[in-house]
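Numbered from 1 within each chain, the chains take letters A, B, ... in sequence-line order.
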Amino acid sequence: MQRRDFLKAGVGGAALSMAQAAIGAENAPKTDAASASDEELAQNFVVISVDG
Amino acid sequence: MVDKYKRNRADVWLLDGPHTIPKFSRALEFLDTEPSRITLCRSHKEILAAKRAGKVAMVFGWQDSIALEEEYGNDWRDHKPPLTNLRAWYELGLRVAGLQYNMANQFGGGCLDPTVALTIQGKYLVAQMQELGILVDCGGHIGEQTSLDIIAMARRPVVCTHSNVLALNDNPRCTSDRVIEGIAKTGGVFGVTAMDCFMTWSRKDAPKAMTGPFPPRAGVARYVDEIDYLKRLVGVDHIGLGPDFINDIEPIDPSNSIEFPPEMTYVQTPTLKLIEGFENVDGLGNVRDELVHRSYTPEEIAKIFGGNWMRVYREAWNS
């Protein structure tokens, strides 16, 4: 990949990440996954039961 | 696909899983393409670890147990006790299983055969699944009597992975109150689908399945009506999301289908419709907003969105 393309992809990727973070914020867990106990963590899951 | 899960903070993807080794291998190869973002999980602990690692947890499930029928190399007659291949499937990762898909098989009745009982082979399988630690599915695709028989013999929670409430719409794919109540008594969960026709199309509509007029698509408010009903019937601890998102495009033509008859659905192209606003994982926020609008507490929403499923996974699996 040429440097110009790399930069373009990088900037685009960052913008996409920011947009995605905003969309996902409302589903964000209330518990920090790294420090939570198993029990606390298990209360903050989103489970999709059956996806083809 | 994984992007949608990551973008919406969806943690667990229960896959409508493969019934053959070649298809199982394709699913594993798909996981191999994104090892840093999605992983196969075979236990409650592995799901927790996946979340801590920032990965989507995939769980393999079956919507019927055709792979355990006689013609697929399971010895139900000559060997005593019967030899099924369930142990191997468990080792491959199978953790959720229904016995039938709409129609009856050698294990019991599908939802189109609601009076057919769980057979002796079906009873053997349910016992074997619960012993191994495979979560047993009932209601929905599975017939009412077979579901009640499963519930009656359950020693661990059983669930309905994806269906809707029969009392709200008389569609044969929906589940009766007595099955829902039975699931709740085992400690299980009822997953609510986002499949439009199960909420908008009923038996009385069958004569117009090919000609219309067809009902307008339901929206998220109708979906949450199901949750409201379930909350009144069995309480919030027994409700989950069971949207049944579709990724394969397959037209539905009830004029020549036994599996999808006119009592269940009308002609749909390119495939079965999901409700407006919850067609895929991107609609999670819409469901959350409607629950908030109806004064569900954050704790209740957390249970419905996944906390209840995680509780059942822990209790129904062996690790």
Partner residues of B:Q268 under the side-chain hydrogen bond (donor to acceptor under 3.5 Å, both in side chains) criterion, sequence neighbours left out: B:T265

Chain A contact via B:W13 - side chain, backbone, both or neither, heavy atoms under 4.5 Å: both

Distance-minimising heavy-atom pair for B:K51 and A:N44: NZ-O, 2.9 Å

Point-to-point distance, once rounded to the nearest 0.5 Å, from CD of A:E39 to CZ of B:R311: 12.5 Å

Stepwise side chain to side chain contact (heavy atoms under 4.5 Å, CB included) test for B:V12 and A:F45: CA-CA 8 Å; B:V12 180; A:F45 263 79; 3.8 Å; yes

Check ion pair B:R52-A:D38 (N to O, under 4.0 angstrom): yes

Partners meeting side-chain hydrogen bond (donor to acceptor under 3.5 Å, both in side chains) with B:Y5 (sequence neighbours left out): A:D51

CD (B:E250) with more than 12 external heavy atoms under 6.0 Å: no

Distance, nearest 0.5 Å, that separates CD of A:Q43 from NZ of B:K303: 7.5 Å

Choice from B:I246, B:L48, B:L241 maximising heavy atom contacts with chain A below 4.5 Å: B:L48

Worked verdict on B:L284 versus A:V46 for side chain to side chain contact (heavy atoms under 4.5 Å, CB included): CA-CA 9 Å; B:L284 281 168; A:V46 176; 3.7 Å; yes

Gap between atom OG of A:S49 and atom CG of B:N308 - 0.5 Å precision: 12.0 Å

Minimum-distance pair of heavy atoms, taken over all atoms of B:H44 and A:A42: NE2-CB, 4.2 Å

Segment of B:I47 engaging chain A (4.5 angstrom heavy-atom cut-off): both

Nearest non-hydrogen partners of A:I48 and B:A10, listed with the distance: CG1-CB, 4.3 Å

Per-residue contact mode, B:Q63 against chain A (heavy atom under 4.5 angstrom): side chain

